[in-house]
Amino acid sequence: MIDAEALMRLAIEKAIEGIDAGQSPFGCAIARDGQVLAVQHNTVWATTDITAHAEINAIRQGCRACGNIFLEGALVATTCEPCPMCMAALHWSRVERVYFGATVADAAAAGFNELRISAADILRIGGSPVELIGGLLEDDCRQLFARWQQQRERRAY
């Protein structure tokens, strides 16, 4: 069985892979019933698709792996607090629990054009049953922004 920390380490590794490929510093991993369904990084620039956030890419991969649009009972580890789009998609896919490391404020401080509304507020306002747990390997996740900022050709959005 994979625990939340191990799942987050997969997300961090995938984010590093993305940074090294010239992408943004975000990664996400999804598991259900102890099986990893998806591990993805952000591909906004590679795909010219502003919606290609790590969470969206992972949801797509996870749903294909299950053959279903719902990921009920799934655990998600994402290196940064989900933006409103990603939090809504995680809600709609019916995941059980979302762990995150860095915050939306951390992403904004790194230069990303964030909507400064917390994932917790999205869930509360929307009446979502998704459980949200922040601060998992937070320092390791924040370090992804530092690594990304060292890249010569970095682009935020």
(request) Compare all side-chain heavy atoms of Q151 with those of I19 and state whether any distance is below 4.5 angstrom. (result) yes
(message) Contact between L90 and P82 at the side-chain level, heavy atoms closer than 4.5 Å - yes or no?
(response) yes
(request) Look only at the side chain of E81 and the backbone of A119, and say whether a donor-acceptor pair between them is shorter than 3.5 Å. (result) yes
(request) Could you grab the distance from atom CD1 of I125 to atom OG of S118, nearest 0.5 Å is fine? (result) 8.0 Å
(message) With a 3.5 Å distance limit and no angle check, can you tell me whether E114 reaches the backbone of A108 through a side-chain donor-acceptor pair?
(response) no
(request) Flag the pair V98 / E131 as yes when at least one side-chain heavy-atom distance between them is below 4.5 Å, and no otherwise. (result) no
(request) Heavy atoms only: give me the nearest C141-M8 pair and the separation to one decimal. (result) SG-SD, 3.8 Å
(request) For the pair E5 and L137, evaluate side-chain contact (heavy atoms from CB on, under 4.5 Å) and give the outcome as yes or no after the intermediate values. (result) CA-CA 7 Å; E5 186 172 316; L137 300 178; 3.8 Å; yes
(request) Locate the shortest heavy-atom distance separating A156 from F112; write the atom from each residue and the value. (result) CA-CE2, 3.8 Å
(request) Determine, using the 4.5 Å side-chain heavy-atom cutoff (strictly less than), whether L132 and L115 are members of one ILVMFWY cluster. (result) yes
(request) Indicate if W148 and I16 have the same hydrophobic cluster label, given that clusters are the connected sets of ILVMFWY residues with side-chain heavy-atom separations under 4.5 angstrom. (result) yes
(request) For the pair Q23 (side chain) and W45 (backbone), establish whether a donor and an acceptor sit closer than 3.5 Å, ignoring hydrogens and angles. (result) yes
(message) Checking one residue: L7. Which other hydrophobic residues are in its cluster under the side-chain 4.5 Å linking rule?
(response) I2, L10, V36, V39, L75
(message) Quick one about N57 and T43 (side-chain donor to acceptor, distance below 3.5 Å, no hydrogens or angles considered), yes or no?
(response) yes
(request) Find out if a path of hydrophobic residues (ILVMFWY) with successive side-chain heavy-atom gaps under 4.5 Å connects L144 to L136. (result) yes
(request) Determine the minimum heavy-atom distance between A58 and A38, stating which atoms define it. (result) O-CB, 3.3 Å
(message) Can you tell me how far apart CD (Q40) and CD1 (I56) are? Round to the nearest 0.5 Å.
(response) 11.5 Å
(message) Same cluster or not: L37 versus Y99, using hydrophobic residues (I, L, V, M, F, W, Y) connected whenever any side-chain heavy atoms lie under 4.5 Å apart?
(response) no
(request) Compare all side-chain heavy atoms of R94 with those of L71 and state whether any distance is below 4.5 angstrom. (result) no
(message) Between F100 and F26, is the ring centroid distance below 6.0 Å?
(response) no
(request) Measure across E55 and C86 and return the closest heavy-atom pair with its distance rounded to 0.1 Å. (result) OE1-SG, 3.4 Å
(message) Tell me whether I50 shares a hydrophobic cluster with I117, the cluster being built from Ile, Leu, Val, Met, Phe, Trp, Tyr side chains joined at under 4.5 Å.
(response) no
(request) Looking only at non-hydrogen atoms, find the nearest pair between R116 and V104 and report the distance. (result) CA-CG1, 4.4 Å
(request) Could you grab the distance from atom CD1 of I69 to atom CH2 of W92, nearest 0.5 Å is fine? (result) 12.0 Å
(message) Donor-acceptor check, side chain of R32 to backbone of G73, threshold 3.5 angstrom: yes or no?
(response) no
(request) Work out which heavy atom in D106 is nearest to a heavy atom in T103; give both atom names and the distance. (result) OD2-N, 2.8 Å
(message) Could you tell me if the side chain of L123 sits less than 4.5 Å from the side chain of M87, heavy atoms only?
(response) yes
(request) Would you check if C28 and V76 make a side-chain contact, meaning some heavy-atom pair closer than 4.5 Å? (result) yes
(message) Quick test of your reading: applying ring-ring contact (aromatic ring centres under 6.0 Å, His included), list the pairs with at least one residue in residues 52-76, sequence neighbours left out, ordered by first then second residue.
(response) H53-Y157
(request) Give a yes or no on whether a salt bridge exists between R9 and E13, defined as a side-chain N under 4.0 angstrom from a carboxylate O. (result) no
(request) Show your working on side-chain contact (heavy atoms from CB on, under 4.5 Å) between E96 and E72 and close with a plain yes or no. (result) CA-CA 6 Å; E96 181 176 326; E72 291 161 319; over 6 Å; no
(request) Report yes if some heavy atom in the side chain of R124 is under 4.5 Å from a heavy atom in the side chain of I122; otherwise report no. (result) no
(request) Please step through side-chain contact (heavy atoms from CB on, under 4.5 Å) for the pair V95 and V130, ending with a clear verdict. (result) CA-CA 7 Å; V95 302; V130 175; 4.2 Å; yes
(message) Within the 4.5 Å heavy-atom criterion, are R147 and P25 side-chain neighbours or not?
(response) no
(request) Mark yes or no for whether S24, through its side chain, and N42, through its backbone, hold a donor-acceptor pair below 3.5 Å. (result) no
